[in-house]
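By convention in this document, chain letters (A, B, ...) are assigned in the order of the sequence lines, proteins followed by strands, and residues within each chain are numbered from 1.
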Amino acid sequence: PVVLGSYALMLGDDALVMAQRLAEWCSRAPDLEEDIALANVALDLLGQARLLLARAAAADPGLVPALPEGSPVPPEDRLAFFRDDHAFRNVRLVELPRGDFAETMARLLLFSTWRLALLGRLRGSRDAVLAAVAAKGCAEVTYHRDLAARWCVTLAGGTEESRRRLVAGLDGLWPWWGELVEAHPVEVTAAADGVGVDPTTLREECEGVLDQVLAACDLTRPDVPPREGIRGGKGRDGRHTEELSRLLTEMQVVARAHPEGTW
Amino acid sequence: PVVLGSYALMLGDDALVMAQRLAEWCSRAPDLEEDIALANVALDLLGQARLLLARAAAADPGLVPALPEGSPVPPEDRLAFFRDDHAFRNVRLVELPRGDFAETMARLLLFSTWRLALLGRLRGSRDAVLAAVAAKGCAEVTYHRDLAARWCVTLAGGTEESRRRLVAGLDGLWPWWGELVEAHPVEVTAAADGVGVDPTTLREECEGVLDQVLAACDLTRPDVPPREGIRGGKGRDGRHTEELSRLLTEMQVVARAHPEGTW
Amino acid sequence: MVDTLAHEDELQELFEATIARHDRLEPRDWMPEGYRRTLVRQIAQHAHSEIIGMQPEGNWIGRAPSLRRKAVLLAKVQDEAGHGLYLYSATETLGVSRDELTEMLIDGRQKYSSIFNYPTLSYADVGTIGWLVDGAAICNQVPLCRTSFGPYGRAMIRVCKEESFHQRQGFELLMTMMRGTEEQQAMVQESVDRFWWPALMMFGPPDADSPNTAQSMAWGIKTHTNDELRQKFVDMTVPQAARLGVTLPDPDLRWNPERGHHDFGQPDWQEFARVVKGHGPCNAQRVAHRRQAWEDGAWVREAATAYAAKQEESA
Amino acid sequence: MVDTLAHEDELQELFEATIARHDRLEPRDWMPEGYRRTLVRQIAQHAHSEIIGMQPEGNWIGRAPSLRRKAVLLAKVQDEAGHGLYLYSATETLGVSRDELTEMLIDGRQKYSSIFNYPTLSYADVGTIGWLVDGAAICNQVPLCRTSFGPYGRAMIRVCKEESFHQRQGFELLMTMMRGTEEQQAMVQESVDRFWWPALMMFGPPDADSPNTAQSMAWGIKTHTNDELRQKFVDMTVPQAARLGVTLPDPDLRWNPERGHHDFGQPDWQEFARVVKGHGPCNAQRVAHRRQAWEDGAWVREAATAYAAKQEESA
């Protein structure tokens, strides 16, 4: 259950942090249709995050931050709002600043391609909760991936400027991709236990899908090496970019001001 | 002493919030000389804020937020880091987003013209601490005003773009000016007690100075009415813009995470 | 020329008969130019209000204090974008495009509800906006479901259904907070204190100062006067405030058994006039935010148009 | 042609004599092209490091947890801008302008110290950068006060004086935090764990892999080898760590009485190579931040130039 807890936390944090970034677009998108679409994606991921964090807390109560006796804050909210950045286990890709619309869609393409492959496999998890989250999530993330792919193709084939921005977005994000298909020991153990997925086994499938989308964009995979970690550690080890603590500062401020609050 | 405390708090909050905004320029200014100059202004104002908040706390300990027994956080830091936005008493002008360099210099012109006039008169305060802060501050703020005036004239007479940006900055800020030369009851009482200055008595002098600078810019005072308050209240009443709570979120996050911390 | 006029007379009669029957006009029907202009202005202003109205609440999405509340709030703001969409579609049936209207909004040529020129200063404001602002909007809008222009009336039916869901959600947030800590209760009261008077202003100036009301009522675009709706709102809200346990900041507010209604004080109509004129606490900020989003997104819209054109060419 | 060469030979002799006497060269003196090129590269790299180095610490100015610390930190980062200024002035005496060098930095044609490609993740990092990073910088730079090029040496004297003040401030922050809460102590240890190895990398690759060292030492631009300086830094830092009560994350670190020095492990030189090549955690971010500031400020610099030109005209 300790491994299950840590594993659910990783997937939950990915969804939560990505949702927080995507929600920044609300009232700022290029058009109302995109405003609504990006909010939809964020809402789906928020829903996944809630279930996954609740699963993490149930599987390993030791993960959950302590609050004053009698605080009504539920475990998934304690995890979301009362952990510091180094206790977050998301990949660094999701915490990067939102960038422009092209970068946002490029990131959503990378993230949802990977997450769809992962959830597809996770439907067979021995943990019934993870399996159920994955089953529901597959339909959602299929839509996310299609949205992102459609926009990448549109931007690639739109104007010179949109193509330039898409290429810049992909180039800037690619160094963070490798982290998604690298295995952290928790992931390896979760996979061995039959509850999780070893992300290295997703690499080929994902890069195949990405290559297809890139081909439709008349582009190829950027040839850039991955971003270094810190003391060998990356997001899954709680070693993040400077952006995460800023993101959490905003996200957590009201909850932390009211550790005994009821919402 | 209650009035003295509230009055010192107002002047301290003005300086603190303005310093926080100016410090955002650090590593982002158009040139190294400006980076250094803006940091200097922020440092001067931070110094004034520290003295003024300490004075406020000494004059009216009831202003100071309570922390856990034995917390080593000094009173001026409790005031800076443990009050919510509605307890801040700064004018709204200083909390607005930093904008571009032209807007920053336009704001510094308005703020330092007013503050210099105010500190000049405050040197005669019956409160020795305020009088001393004012005496020291006059030299500092003279430099701030000169810096701002020089840049306003330069931008007005530079390129078409710089002039356009300066005019936009002045137009956008002018509606917030009136609040500086309006009297809050605390200011009126402080003036009557001989410890403070009634800001309405500064209006003519300040607008004379501003007119001179604007004339050198070949501009005139924007003809725009003041921004409305909320239920008749403005910054001095603790009724702020949406920006202040965001500014404080960042400023206070580390201090609040460690209410018993020693720094 | 004479013929056309005669023809117009007939059309005018047909139009008036439709209005008199409380039937609906559809886009293909003839309508007087003044009616069309008034409708476009009113629907556009309503659409703009939905879109600008995303900002005050959107200000708290990033800071929502629980995962559930974050989802509820994001979904609500998303609904507002959806309302904007339906309403802009209704103006499109009158021959005015969304882009034109957006340009008019960010140029300041068209208005939106003045309530959104007040800032949101605490999370309680999310609840208060749901309860009071959406509550007032519903009072204004329910009658519009029977408005004389079909597409507008149908849009309003959908909008009202969602708004009343939002209103209940807002009330529920405030109720939950009132059961929470003392700080939370104080947040709610402070928020209600700030929004009460601006909410009353949402019904527009007193009838005596509302010159367009008569014509709009004659055209079936409006069905109740400002003061009637304001009274309805106060009567509906007072018992809800009691249930919440908050005080409404009006010393003149009391039940008048003779009238069978609550008496209440008047908002500061001079403040209202200043805010409508553009000098409210947030007017400049709201329009600048919308302009920024619109300008930042121009290259995306252009790309989508260019891509679609290329697809069509090669098809 | 033969004459010029003969003349150059004489100048070369004069130059070598100056170096041999440990005298200083001044901008007007003749110097070999390789010496000038190496100097420009080294001073520029140093200047860039000061300017890029503003970012990791600048990241915490807005969040400094006390008014005193905020002022100390802002003043420190401001000093770094000042160091950048002196150093760019030294390159200007060699005929290369600040603007040219800035373009080379944001184009990626020139480097800066790889330490600044690591993120700052807590307020303790402000202290650790002062203690370890400024400490390592001082070890590197103190010998440069006697470097053979006058303007560089004089800039370094001023820089070193301020750096050692910063180093003491950093140590003092960590010491204060180590006397604070358990969380604060843990923050300090975690920060030291992250910065120890990157700090050791600041002295450059092991001597065996540092091909330019010999020439730079012959020219008096460098006076100690990388490994000598690294050893000096370790020997200086170990007792300070003990005083702080933090553990340095090197299991091989121990006093060797025979050598009279500490033995210690080697940093991951492959990581170093990757970070220098541009793939460190923050390389892209640091350069993008600098580019953004430079580009955003272009209109201001143009305005200042235009204004000055107009003033000159009318004078």
Side-chain angles (χ1 to χ4, degrees), chain A residues 13 16-17 19-28 35 63-71 73 77-90 95-100 238-263, chain B residues 13 16-17 19-28 35 63-71 73 77-90 95-100 238-263:
Chain A
D13 285 346
L16 173 57
V17 174
Q20 180 76 6
R21 276 289 180 234
L22 287 170
E24 291 177 9
W25 277 102
C26 189
S27 83
R28 291 183 181 86
D35 216 299
L63 292 170
V64 182
L67 288 183
E69 185 90 32
S71 162
V73 177
D77 287 340
R78 294 185 185 211
L79 284 170
F81 297 100
F82 292 88
R83 276 180 303 154
D84 289 335
D85 60 333
H86 53 77
F88 274 72
R89 293 290 177 263
N90 57 280
E95 72 204 34
L96 303 176
R98 71 174 183 278
D100 65 11
R239 288 200 266 282
H240 292 280
T241 68
E242 291 172 358
E243 300 303 331
L244 185 61
S245 68
R246 292 190 174 273
L247 177 145
L248 296 181
T249 294
E250 177 182 6
M251 187 174 98
Q252 299 178 332
V253 61
V254 178
R256 287 193 177 206
H258 301 274
E260 305 183 60
T262 314
W263 302 100
Chain B
D13 285 347
L16 174 57
V17 175
Q20 179 77 7
R21 276 289 180 234
L22 287 170
E24 290 177 9
W25 277 103
C26 188
S27 84
R28 290 184 182 86
D35 216 299
L63 292 170
V64 182
L67 287 182
E69 185 90 32
S71 163
V73 177
D77 287 340
R78 294 185 185 210
L79 284 170
F81 297 101
F82 292 88
R83 276 180 302 153
D84 289 335
D85 61 334
H86 52 76
F88 274 72
R89 293 291 177 262
N90 56 280
E95 73 204 34
L96 303 175
R98 69 175 183 275
D100 65 11
R239 288 200 267 281
H240 292 279
T241 67
E242 291 172 358
E243 300 303 332
L244 184 62
S245 69
R246 291 189 174 276
L247 177 146
L248 296 181
T249 294
E250 177 182 6
M251 188 174 97
Q252 298 178 332
V253 61
V254 178
R256 289 194 176 205
H258 301 273
E260 304 184 61
T262 315
W263 302 100

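Applying the salt bridge (Lys or Arg N to Asp or Glu O under 4.0 Å) criterion to B:Arg83, with sequence neighbours excluded, gives B:Asp13. Under the salt bridge (Lys or Arg N to Asp or Glu O under 4.0 Å) criterion, A:Glu242 pairs with D:Arg286, not counting sequence neighbours. Applying the salt bridge (Lys or Arg N to Asp or Glu O under 4.0 Å) rule to B:Asp85 yields no partners; only residues at least two apart in sequence or on another chain are considered.
Within residues 249-263 of chain A, the residues having any heavy atom less than 4.5 Å from a heavy atom of chain B are, in residue-number order, A:Thr249, A:Glu250, A:Val253.
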